[in-house]
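This is a predicted model, so every value here is computed, not measured.
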Amino acid sequence: MEETIRKNTVKYQKLLQKYIETQDEKSLYDLELISKAFIKKNILPEELINLHIQAMERIYPQLLEEYKLSMEFLLEATVFYGLALQEVDYLRQEKDVLTSEISVAANMQKTLLGTQRPEVSGLDIGVISVPAHQMNGDYHHFTKGSNGTIGIAIADVVGKGIPAALCMSMIKYAMDSYPEATMSPNKVLENLNRVVERNIDPSMFITMCYAHYLPAESKLRLSSAGHEPGYIFRAETEEFEEVRAKGIVLGVMPDATYREYELAIQKDDLIIFLTDGVSECRDGDRFIETEELLEVIRKYIDLPTQELVENVYQYFEKLQDFQLRDDFTLIVLRKEV
C-alpha cells in the first residue's frame, strides 16, 4: 500500500497542478488511472485526501489557514467513511460466503430429501413443493409397500432455514428405517415423535400427517400430528369434506399417542394434503379463507392432478406478487377406478 502511494505522489501533484492551471480533460483521465490503482490496492479514501493536502501545500505554500483547516476537517470525515466502507466490504464478503454455503446446503437438501411420485395403476398423483427461500421447511415423501399400499407423508417444521432442513433430514432417515409401508400411520407418528423429542431443540417442533392408501380396499388410513387438515372432494356430490385428524405435534411429549382414521374413497374422489403455506396464503395483509382455497382447486378439478397442483400454485404465487411468504406444498391424489 505504501509503495503504491509513494509511486503516485509526484504524479498526483503534477496532474493536480496541471488541471488547476489548464482544466485539461486528459488530467482527469490520468487521475482515473491513479484512482483505479488505489482501489485495486484497497487504499482508503483518507489516504487520497491526505495525498491531496500534501500536494496542495507543495504547490501553494502560502495557502490560507482556513483552507488547511477545512481539509483537515474533510480528512477526519473520510476516516470514519473509510472505516464504514471496510466494514461494509467485510460484511459483503461474509454474505457472499454464507449465500454460497446455503446454496450448497439447499442442493444437498434436494438430493437427500428427494422422493419420486409412485406409479400406481388407477391412481393419479400430483405434487408440488416450492420453498419460500432457498431452504425448504416442508417435507413430503412417498413409499410403496410390497402389499400394494401407498404411504404419503407431509410435514412442516415450525422454524425455517438450515435447522429446519436438518430436522427434515432426520425425519426422512428415521422413516427409511421403518419396514416399507407396512407400519400403521399412528405407529409411524409415535415412533417419529420419540425421535424428534429426543433430538431437536425444545423451541422447534414438527407438524405431520402420515397416510396409507389401500387400493385393493379403496380406503385411506391416516394419522395427524397437529398438521393442517386435509380435504376430500367427493365426485358423487361434488362437495369438499374436511379431514380434520387430531393429534399433538411431534417433539412435545415423549409418550404421545395418535389416533388412526379410516375413510372410504370412491371413483374420481380427490384426496388433498397441504401445508400452511397453502392454506394461509395472503392477499395483501389478509389471509385467504378456506372457501377461497377450495374454489381455486375446484376451478382446476377436471385437469390431471399434476396440472391441477401447478395451476393452484401459480394462482397463489401471482396473488402474493410472486413472493412466497411461506413454503408451499400441495399433494392431490385422484382415484381413477
* Are Phe273 and Leu333 side-chain neighbours, meaning at least one heavy-atom pair lies under 4.5 Å? -> yes

* Min side-chain heavy-atom separation Phe316-Asp283 under 4.5 Å -> no

* Near Glu25 CD, under 6.0 Å, is it more than 12 heavy atoms from other residues, nucleotides or ligands? -> no

* Asked: Counting N and O atoms only, with roles assigned by atom type, does the side chain of Ser223 sit under 3.5 Å from a partner on the main chain of Arg259, one being a donor and the other an acceptor?
  -> yes

* To do: Please work out whether the ring planes of His141 and Tyr139 are parallel, tilted or perpendicular, with thresholds of 30° and 60°.
  => parallel

* Asked: Taking only residues two or more places apart in sequence or in another chain, which ones pass salt bridge (Lys or Arg N to Asp or Glu O under 4.0 Å) with Lys36?
  -> Glu32

* Can you check whether Leu270 reaches Ile232 side chain to side chain, under 4.5 Å on heavy atoms? -> no

* Determine whether the side chains of Ser279 and Glu228 contain a donor N or O and an acceptor N or O closer than 3.5 Å. => yes

* Is a side-chain donor or acceptor of Arg334 paired with a backbone partner of Lys267 at a separation under 3.5 angstrom? -> no

* **Distance, nearest 0.5 Å, that separates OG of Ser184 from OH of Tyr258** => 13.5 Å

* Apply the test side chain to side chain contact (heavy atoms under 4.5 Å, CB included) to residues Thr275 and Asp327: give CA-CA distance (whole Å), side-chain angles for both, the deciding distance (0.1 Å), then the verdict. => CA-CA 8 Å; Thr275 59; Asp327 306 319; 5.6 Å; no

* **Hydrophobic cluster membership, Leu263 vs Leu214, 4.5 Å side-chain cutoff** => no

* Is any side-chain heavy atom of Leu123 less than 4.5 Å from a side-chain heavy atom of Tyr213? -> yes

* Kindly indicate, with the supporting measurements, whether the criterion side chain to side chain contact (heavy atoms under 4.5 Å, CB included) is fulfilled by Ile206 and Val249. => CA-CA 6 Å; Ile206 299 170; Val249 296; over 6 Å; no

* To do: Group every Ile, Leu, Val, Met, Phe, Trp and Tyr by side-chain heavy-atom contacts under 4.5 Å, then state whether Met253 and Ile200 land in the same group.
  => yes

* Count the heavy atoms belonging to other residues, nucleotides or ligands that lie under 6.0 Å from CZ of Arg286, then report whether that count exceeds 12. => yes

* Are side-chain heavy atoms of Asn186 and Thr257 found at a separation under 4.5 Å? -> no

* Exercise: identify the closest heavy-atom pair between Pro185 and Glu260 -> CD-OE1, 3.1 Å

* Asked: Do the side chain of Glu241 and the main chain of Phe233 share a donor and acceptor less than 3.5 angstrom apart?
  -> no

* Who are the salt bridge (Lys or Arg N to Asp or Glu O under 4.0 Å) partners of Glu295, not counting sequence neighbours? -> Arg298

* Would Ile331 and Ile272 count as a side chain to side chain contact (heavy atoms under 4.5 Å, CB included) if you check the C-alpha gap in whole Å, the side-chain angles of each, and the deciding distance to 0.1 Å? -> CA-CA 6 Å; Ile331 299 172; Ile272 301 161; over 6 Å; no

* Under 3.5 Å, is there a donor-acceptor pair between the side chain of Asn193 and the main chain of Leu189? -> no

* Asked: side chain to side chain contact (heavy atoms under 4.5 Å, CB included) between Leu293 and Glu289: does it pass, once the steps are laid out?
  -> CA-CA 7 Å; Leu293 167 62; Glu289 301 291 337; over 6 Å; no

* **Donor-acceptor pair between Ser218 and Lys335 side chains, under 3.5 angstrom** => yes

* Structure fact -> d(Leu192 CG, Met208 CE) to nearest 0.5 Å is 5.0 Å

* Any donor and acceptor pair, going by atom type alone, linking the side chain of Asp24 with main-chain N or O of Lys26 inside 3.5 Å? -> yes

* Quick one: pull up CG in Leu51 and CG in Leu16 and give me the separation to the nearest 0.5 Å. => 9.0 Å

* Evaluate the side-chain proximity of Ile154 to Ile152: yes if any heavy-atom separation is below 4.5 Å, no if none is. => no

* To do: Indicate if Leu28 and Tyr12 have the same hydrophobic cluster label, given that clusters are the connected sets of ILVMFWY residues with side-chain heavy-atom separations under 4.5 angstrom.
  => no

* Asked: Without hydrogens or angle criteria, can the side chains of Gln306 and Arg117 be said to hold a donor-acceptor pair below 3.5 Å?
  -> yes

* Could you verify whether a donor N or O on one side chain and an acceptor N or O on the other, from Asp124 and Thr305, lie under 3.5 Å apart? => yes

* Counting only heavy atoms not in Gln23, do more than 12 fall under 6.0 Å of its CD? -> yes

* **Nearest non-hydrogen partners of Ala235 and Asp269, listed with the distance** => N-OD1, 2.9 Å

* **Leu319 reachable from Ile297 in the ILVMFWY side-chain graph, under 4.5 Å edges** => yes

* Near Glu238 CD, under 6.0 Å, is it more than 12 heavy atoms from other residues, nucleotides or ligands? -> no

* Any idea which heavy atoms bring Ala256 and Glu190 closest together, and the distance? -> O-CG, 3.6 Å

* Nearest heavy atoms of Arg58 and Gln13, plus distance in Å -> CD-OE1, 3.3 Å

* Does Arg194 pair with Glu197 as a salt bridge, N-O distance under 4.0 Å? -> no

* **4.5 Å side-chain heavy-atom contact, Tyr313 and Val130** => yes

* In terms of side-chain heavy atoms, does Asp138 have a donor or acceptor partner in Thr329 at a distance below 3.5 Å? -> yes

* Asked: Ignoring hydrogens and geometry, is there a side-chain-to-backbone donor-acceptor pair from Asn311 to Tyr300 under 3.5 Å?
  -> no

* Asked: Which heavy atom in Ile288 sits nearest to a heavy atom in Val278, and how many Å separate them?
  -> CD1-O, 3.8 Å

* Structure fact -> Looking only at heavy atoms, the pair that brings Ala245 and Ser224 closest together is O-CB, 3.3 Å

* Atom pair NE2 (His140) and SG (Cys209), whose distance is rounded to the nearest 0.5 Å -> 14.0 Å

* Answer yes or no: is there a side-chain heavy-atom contact under 4.5 Å between Phe328 and Leu274? => no

* **Same apolar cluster: Val127 and Leu324, side chain cutoff 4.5 Å** => no

* Output the distance between atom CG (Leu308) and atom CG (Leu330), rounded to the nearest 0.5 Å. => 7.5 Å

* **Nearest-0.5 Å distance, CD1 of residue Ile49 to CE of residue Met71** => 5.5 Å

* Any salt bridge between Arg244 and Glu242, counting N to O under 4.0 Å? -> yes

* Using a cut-off of 6.0 Å, state whether more than 12 heavy atoms not belonging to Arg234 lie near its atom CZ. => yes

